[in-house]
There are 2 protein chains.
Amino acid sequence: MKIGELAKRTDCSVQTIRYYEKEQLLCTTQRSDGNFRLYDEAAIEQLLFIKLCRNLDLSLSEIRQLLTLKRSPGAQCDQVNRMMDEHIQQVETRIQELVELRKHLKVLRRSCSSERTIEQCGILQTLTTDQHKNR
Amino acid sequence: MKIGELAKRTDCSVQTIRYYEKEQLLCTTQRSDGNFRLYDEAAIEQLLFIKLCRNLDLSLSEIRQLLTLKRSPGAQCDQVNRMMDEHIQQVETRIQELVELRKHLKVLRRSCSSERTIEQCGILQTLTTDQHKNR
DNA sequence: TTTAAACTCTATAGTCACTATAGAGTCAAG
DNA sequence: CTTGACTCTATAGTGACTATAGAGTTTAAA
């Protein structure tokens, strides 16, 4: 299977696959006579695993760690658990930040209506006034 | 006031100030004999305005638009309102995504406990099994 | 007065996870 | 044998900075 078919079967772009290889998330593969990458079914598995992790917003570095761990089945899985806990914490924090942000944005948005000129614009006025609070 | 003092008074790094100048968020300033940038109080105002907008997660491009609008006080402020509405929508969407993600992560995390080996690791097992669902 | 420290300058590279492009080579069908 | 679809490598771009190198400027102390 050449890279194009792998891309199609995993719904991943060709460039991304090459990028993952460079980043050591996929092993270097056999090459054909014409220097084309050749993949087997295991490559599909590996790539789908990576995609799944990316959907969970894990970084490539985190995924690299997981892949390494997968290769030592006897080790304790504390490290996997710790990574997940940290990751969940990061997501929690980001949600909190965004909820706060949304609140601010809505307050700000309510301070203006469409019929005004820039000069009267409640949003710009609020922003301009708030500058001074930040000093 | 030289760039270092401006940085201190706005709690902004020197590099960031130079970056904003390059990106046309701050005007080019007078220079001293030794080619140092010289700022006045208005620069503080402008920079604080930018910081405030960045805290609202507005992009530099959005902020550039706001700054341009601020300079034409007679114009209608529809554009400001529209930008804010779009921005709020983006934040909403991202919050929804992250809430979904958090749910997935928590389910996944509950599938494992610390005393297991990698081989028994519920997280890795789930991820490895889920691969197949995605095909 | 020298010299050292602290500041400033420009230009460039790095971050992350890709995406896009150029320019060249490979391969199968018609 | 040529066309078109594919593949290869290498490089640059994204956004909003951060970090570095190597040079010049200014201020204060020795």
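Naming convention: chains lettered A, B, ... in sequence-line order (proteins, then strands); numbering from 1 in each chain. When reading the values below, keep in mind they use all heavy atoms of this one structure, side chains included, and skip hydrogens, waters and symmetry mates.
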A.B. asks: Tell me the interatomic distance from A/Glu21, atom CD, to C/dC18, atom C1', rounded to whole angstroms.
C.D. replies: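 Those two atoms, CD and C1', are 16 Å apart.
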A.B. asks: Which of these nucleotides, C/dT8, D/dT7, D/dA16, is closest to any side-chain atom of B/Ile3?
C.D. replies: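 Of C/dT8, D/dT7, D/dA16, C/dT8 is nearest to the side chain of B/Ile3.
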A.B. asks: In whole angstrom, give the distance that lies between atom CG of B/Asp11 and atom P of D/dC17.
C.D. replies: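 It works out to 13 Å between those atoms.
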A.B. asks: If you assign B/Arg54 and B/Lys2 each to the DNA chain D nucleotide with the nearest heavy atom, which residue ends up on the more 5' nucleotide?
C.D. replies: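 Per heavy-atom nearest nucleotide, the more 5' residue is B/Arg54.
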A.B. asks: Expressed in angstrom and rounded to an integer, what is the separation of B/Ile17 atom CD1 from C/dC9 atom C1'?
C.D. replies: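 Result: 14 Å.
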A.B. asks: Strictly below 4.0 Å: does B/Tyr19 bring a side-chain N or O up to OP1 or OP2 of D/dG15?
C.D. replies: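 No, no such contact exists.
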A.B. asks: Can you tell me which nucleotide in C/dC18, C/dT8, D/dC8 comes closest to the side chain of A/Leu60?
C.D. replies: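 Of all the options, the side chain of A/Leu60 is nearest to C/dC18.
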A.B. asks: Can you tell me the distance, in whole Å, between the CG atom of A/Leu47 and the C1' atom of C/dC18?
C.D. replies: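 In whole Å, C/dC18 C1' and A/Leu47 CG are 14 Å from each other.
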A.B. asks: Could you tell me whether the phosphate oxygens of C/dT8, OP1 or OP2, come under 4.0 Å of any side-chain nitrogen or oxygen in B/Arg37?
C.D. replies: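 The answer is no; no side-chain N or O of B/Arg37 sits under 4.0 Å from OP1 or OP2.
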A.B. asks: Output yes when at least one side-chain N/O atom of B/Ser32 is less than 4.0 Å from OP1 or OP2 of C/dT8, else no.
C.D. replies: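 So the side chain of B/Ser32 is outside the cut-off, no N or O lying under 4.0 Å from OP1 or OP2 of C/dT8.
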A.B. asks: Would you say C/dC18 has OP1 or OP2 under 4.0 Å from some side-chain N or O of A/Ser13?
C.D. replies: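 No, A/Ser13 has no side-chain N/O under 4.0 Å of OP1/OP2 on C/dC18.
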A.B. asks: Which comes earlier along DNA chain C counting from the 5' end, the contact point of B/Arg18 or that of B/Lys22, where each point is its nearest nucleotide?
C.D. replies: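 Comparing both residues, the 5'-ward one is B/Arg18.
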A.B. asks: Does any donor atom in the side chain of B/Ser113 or B/Glu115 lie under 3.5 Å from an acceptor atom in the other side chain?
C.D. replies: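 Yes, B/Glu115 and B/Ser113 have a side-chain donor paired with an acceptor closer than 3.5 Å.
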A.B. asks: Nearest whole angstrom, please: distance from the P of C/dA28 to the CD of A/Glu5.
C.D. replies: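 Going from A/Glu5 (CD) to C/dA28 (P), I get 14 Å.
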A.B. asks: What is the distance, to the nearest angstrom, from the CD1 atom on B/Ile50 to the P atom on D/dA16?
C.D. replies: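 About 12 Å, once rounded to whole Å.
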A.B. asks: Let me know, please, whether B/Ser59 or B/Gly34 comes out on the 5' side of the other along DNA chain D by nearest nucleotide.
C.D. replies: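 Upstream on the strand: B/Ser59.
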A.B. asks: Please tell me if B/Thr16 has a side-chain N or O lying less than 4.0 Å from either OP1 or OP2 of D/dT18.
C.D. replies: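 Looking at the OP1 and OP2 atoms of D/dT18, one of them is under 4.0 Å from a side-chain N or O of B/Thr16.
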A.B. asks: Using a strict cut-off of less than 4.0 Å between a Lys/Arg side-chain nitrogen and an Asp/Glu carboxylate oxygen, indicate whether B/Glu5 and B/Lys8 qualify as a salt bridge.
C.D. replies: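 Salt bridge absent between B/Glu5 and B/Lys8.
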A.B. asks: Do B/Asp11 and B/Arg54 sit within salt-bridge range, that is, some charged N less than 4.0 Å from a carboxylate O?
C.D. replies: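 Looking at B/Asp11 and B/Arg54, the cut-off is not met.
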A.B. asks: Which nucleotide, D/dT18, D/dC8, C/dT10, lies nearest any side-chain atom of B/Gln15?
C.D. replies: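 Output: D/dT18.
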A.B. asks: Looking at A/Arg31, I'd like to know whether one of its side-chain N or O atoms comes within less than 4.0 Å of OP1 or OP2 on D/dT9.
C.D. replies: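 For A/Arg31, the contact criterion (side-chain N or O under 4.0 Å from OP1 or OP2 of D/dT9) is met.
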A.B. asks: Should we say atom CD of A/Gln79 is surrounded by more than 12 heavy atoms from elsewhere, each under 6.0 Å from it?
C.D. replies: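 Count not over threshold, so no.
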A.B. asks: Tell me whether A/Leu6 is reachable from A/Leu38 by hopping between hydrophobic residues (I, L, V, M, F, W, Y) whose side-chain heavy atoms are closer than 4.5 Å.
C.D. replies: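 No: no chain of side-chain contacts under 4.5 Å links A/Leu38 to A/Leu6.
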A.B. asks: Between A/Leu58 (CG) and C/dC18 (C1'), how many Å, whole number?
C.D. replies: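 Taking CG of A/Leu58 and C1' of C/dC18, I get 17 Å after rounding.
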A.B. asks: Can a side chain N or O of B/Tyr20 be found less than 4.0 Å away from OP1 or OP2 on D/dC17?
C.D. replies: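 Looking at the OP1 and OP2 atoms of D/dC17, one of them is under 4.0 Å from a side-chain N or O of B/Tyr20.
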A.B. asks: Rounded off to whole Å, could you give me the CG-to-P distance for the B/Leu6 and C/dC9 pair?
C.D. replies: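 So the two atoms are 11 Å apart, to the nearest Å.
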A.B. asks: Do B/Glu97 and A/Arg94 sit within salt-bridge range, that is, some charged N less than 4.0 Å from a carboxylate O?
C.D. replies: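 A salt bridge is absent here (no side-chain N lies under 4.0 Å from a carboxylate O).
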